[in-house]
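Predicted model only: the values in this text are computed from it and were never measured.
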Amino acid sequence: MLKGTANEERIWNYLIGKGLSKAGAAGLMGNLYAESGLSPTNLQNTYERKLGFTDTSYTAAVDNSSYTNFVHDSVGYGLAQWTYWSRKQNMLEFAQAAGKSIGDLETQLDCLIQGAVGRLQERSEHSQDHDQRKGCQRQCSSEF
């Protein structure tokens, strides 16, 4: 359960609770603020008119399955303005598995952290594998 009254406080407490430093939490929150204004239901503004949805109606339509193109519409949504199909699919499946709305703040934070930890682990494993081979610096320098 998130602690705080405003999204800013809830997100801060969540990130600090997950072990981020104050600088790390502030940096991530700055990025999320630039993406969505810290609103988990934020629909990319340039698509509201094109799709005929508001933040609230888009969220409801995805949640109740009356809008079925969420994964492939390439429209930014949520805290991080997810646009890429595989990340939107992961978020949708994550929310559905938890029985939550795609616009639920804690669900999006859980999905964000889980995805970030997974990508960091993949990079770490990739780096360790390449460290054992000659030419790793040259080969991997552009991958990260």
Tell me which donor-acceptor pairs under 3.5 Å the side chains of residues 21-35 have, and how far apart each pair is, sequence neighbours excluded?
residue	atom	partner	partner atom	Å
Ser21	OG	Gly24	N	2.9
Asn31	ND2	Gly27	O	3.0

Taking the six-membered ring for Trp, are Phe53 and Tyr58 parallel (under 30°), tilted (30 to 60°) or perpendicular (over 60°)?
->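 It falls in the perpendicular class, over 60°.
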Dump the intermediate steps for side-chain hydrogen bond (donor to acceptor under 3.5 Å, both in side chains) on Tyr67 and Asp73, then the final yes or no.
-> CA-CA 10 Å; Tyr67 180 71; Asp73 65 10; 2.9 Å; yes
Check [X] against [Y] and note the closest heavy-atom contact, atom names and distance.
X	Y	result
Ala95	Ser101	CB-O, 3.9 Å
Ile102	Met91	O-SD, 4.4 Å
Asp55	Leu43	OD1-N, 3.0 Å
Tyr47	Val75	CD2-CG2, 3.5 Å
Gly78	Ser36	O-CB, 3.2 Å

How long is the gap from [atom1] on [X] to [atom2] on [Y], to the nearest 0.5 Å?
X	Y	atom1	atom2	answer
Phe94	Leu112	CZ	CG	10.0 Å
Tyr14	Ile113	OH	CD1	5.5 Å
Lys88	Cys111	NZ	SG	12.5 Å
Glu9	Lys3	CD	NZ	11.0 Å
Phe70	Thr59	CZ	OG1	8.5 Å
Leu105	Asp110	CG	CG	9.5 Å

Check whether any side-chain heavy atom of Thr83 sits under 4.5 Å from a side-chain heavy atom of Tyr77, and report yes or no.
->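 No, too far: nothing below the 4.5 Å cut-off.
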For Asn7 and Arg10, test the side chains for any donor-to-acceptor distance below 3.5 angstrom and give the result as yes or no.
->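 Yes.
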When you look at Ser39 and Asn42, which way does the side-chain hydrogen bond (donor to acceptor under 3.5 Å, both in side chains) test go after all the steps?
-> CA-CA 5 Å; Ser39 172; Asn42 186 269; 5.0 Å; no
Leu2/Asn13 under side-chain contact (heavy atoms from CB on, under 4.5 Å): CA gap, chis, key distance, verdict | CA-CA 8 Å; Leu2 296 176; Asn13 291 333; over 6 Å; no
